[in-house]
Amino acid sequence: MEETNLNQTIRCIVKLGGAAITCKNELEKINEENLETVSSHLRQAMNLGSCSKQVMGMDWSKRDAVSDISSSLCDFGDQCQFNVDFSRFVVVHGAGSFGHFQASKSGVHKGGLNQPLVKAGFVATRISVTTLNLEIVRALAREGIPSIGMSPYSCGWSTSERNVASADLSGVAKAIDSGFIPVLHGDAVLDERLGCTILSGDVIIRHLAEHLRPEYVVFLVSFSRLVNSIDLLLHAPKIGLFTLHCTCLPLFHACLPINVIYKTDVSGVYDRPPTDPNAVLLREIAVDEDGKWSVVKPTPQSLNKQVEITVAAHDTTGGMVTKISEAAMIAKLGIDVYIVKAATSHSLRALRGEMRHDIPDDWLGTVIRFSR
């Protein structure tokens, strides 16, 4: 795997959760309001200049319901009034209601590329996720963010039994050093053992974090439970309170010390289903060198030991299970990870890096960090 050399350090890698930017219960529908807000927040967090400067829109393509191309060079006049100086971010987004249906129905995530249905599903999945990628790039570009869509399959990413086997990050590094914001996404890729599989955006985040070493990582999520499509409900045995060995997913399944569910209008990771009136937001979790977790804030005395994980039936990437596991492995690198609800004032503060020392009392979200 090729080493990545950057001229300057990366400030932040951001994961846009699929549920945060799409309507997960409506096939291939973007949550336009959320995406617009998230794009604005990213511009504000990345902007190194004065926020009062005008935005230089970079989507010069025709849009639906618009009679002509709204941006043209003649609109710009004095270019000094525009700020295009942004700090170094990388964006990775999930698929949400794009791609999961196609992958699930055809079994792409299970492999078997020699089967006609799987091969057709591989093509259909990539059409869907790259369509979403383009729309996200366009939304960021309208905010003046110089975004470049980069599909993992096209950039040489592949797996072996679903673990990253190869990933040419030279294109990502060159884009960053040239002043662009790479925008990657979960994708259908070739697998050395299975033939093909789905490469999760959360796995991509962890791999990028290992090689690019950002100052911090932000997961922008939307906890919206799909009540009629629960496929998996795991109840782990009761173990020592808040002890997690996160070396691999099977062990993670067996030992996860907290309850994680998708629920509307919650702010991070909770100790039990947020529908429970006694549910407590876990504000800070520490991961030590052995991969064990401990809850720092709040104190753990009254927290529930029972594990409850729900995964939507069409989610072929592991949902919140993968997200928490990958976040733990990133934290073990010494990189703070923030899990926070997208399109809120709390997510904007996380994107700006305001949680890098003490967590403000009025901030709602979960910080996962290395226990030094």
Side-chain angles (χ1 to χ4, degrees), residues 15-22 24-28 92-133 150-167 184-208 219 221 224-226 228-234 248-254 256 260 262 309-327 329:
K15 168 65 189 302
L16 307 184
I21 53 177
T22 73
K24 286 203 78 168
N25 57 346
E26 296 185 52
L27 183 62
E28 298 191 341
V92 181
H93 66 82
S97 61
F98 290 72
H100 282 302
F101 171 81
Q102 291 86 346
S104 178
K105 289 299 181 183
S106 60
V108 169
H109 57 297
K110 299 176 182 178
L113 198 56
N114 59 320
Q115 302 172 42
L117 177 60
V118 174
K119 183 169 289 186
F122 189 96
V123 173
T125 299
R126 295 212 67 251
I127 290 172
S128 187
V129 296
T130 54
T131 297
L132 176 61
N133 181 252
M150 306 187 78
S151 292
Y153 177 86
S154 302
C155 293
W157 290 62
S158 65
T159 58
S160 179
E161 294 184 334
R162 300 187 179 92
N163 296 311
V164 176
S166 65
L184 292 81
H185 59 88
D187 203 359
V189 297
L190 300 181
D191 187 282
E192 293 174 1
R193 298 294 181 89
L194 304 173
C196 64
T197 193
I198 298 298
L199 177 62
S200 162
D202 298 322
V203 174
I204 294 171
I205 285 274
R206 191 248 300 173
H207 189 81
L208 290 173
F219 284 81
V221 296
S224 53
R225 187 178 180 184
L226 303 179
N228 296 321
S229 58
I230 300 304
D231 178 60
L232 180 63
L233 182 62
L234 303 177
C248 63
L249 278 176
L251 189 58
F252 173 80
H253 288 169
L256 180 65
V260 181
Y262 293 106
I309 301 171
T310 62
V311 179
H314 63 267
D315 194 338
T316 57
T317 62
M320 188 59 75
V321 176
T322 304
K323 192 180 307 298
I324 299 296
S325 181
E326 298 298 336
M329 287 187 274

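This one's a predicted model, so the numbers in the text were calculated from it and none came from an experiment.
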Interatomic distance, [X] atom [atom1] to [Y] atom [atom2] [nearest 0.5 angstrom]:
X: Thr197; Y: Phe122; atom1: OG1; atom2: CZ; value: 9.5 Å
X: Leu194; Y: Arg162; atom1: CG; atom2: CZ; value: 5.0 Å
X: Leu184; Y: Leu16; atom1: CG; atom2: CG; value: 11.5 Å
X: Arg193; Y: Asn163; atom1: CZ; atom2: CG; value: 10.5 Å

Side-chain ([X]) to main-chain ([Y]) donor-acceptor, under 3.5 angstrom:
X: Thr22; Y: Ala19; result: no
X: Ser151; Y: Tyr153; result: no
X: Ser160; Y: Ala165; result: no
X: Ser166; Y: Gly156; result: yes
X: Ser128; Y: Ala124; result: no
X: Asp187; Y: Leu199; result: no

Where [X] and [Y] come nearest, the two heavy atoms and their spacing:
X: Ala95; Y: Val129; answer: CB-CG1, 4.0 Å
X: His185; Y: Ile204; answer: O-CD1, 3.2 Å
X: Asn133; Y: Met150; answer: OD1-N, 4.2 Å
X: Leu117; Y: Lys105; answer: CD2-O, 4.1 Å
X: Leu27; Y: Ser97; answer: CD1-O, 3.6 Å
X: Phe98; Y: Thr131; answer: CE2-CG2, 4.4 Å

Under 3.5 Å side-chain donor-acceptor pair for Ser104 and His109: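 Absent: no donor and acceptor within the cut-off.
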Within-4.5 Å side-chain heavy-atom neighbours: Lys15 and Asp202: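 In contact.
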Within-4.5 Å side-chain heavy-atom neighbours: Arg206 and Ser200: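 Arg206 does not reach Ser200 side chain to side chain.
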Ile21 vs His93, side chain to side chain contact (heavy atoms under 4.5 Å, CB included): CA-CA, chis, key distance, verdict: CA-CA 9 Å; Ile21 53 177; His93 66 82; 3.9 Å; yes
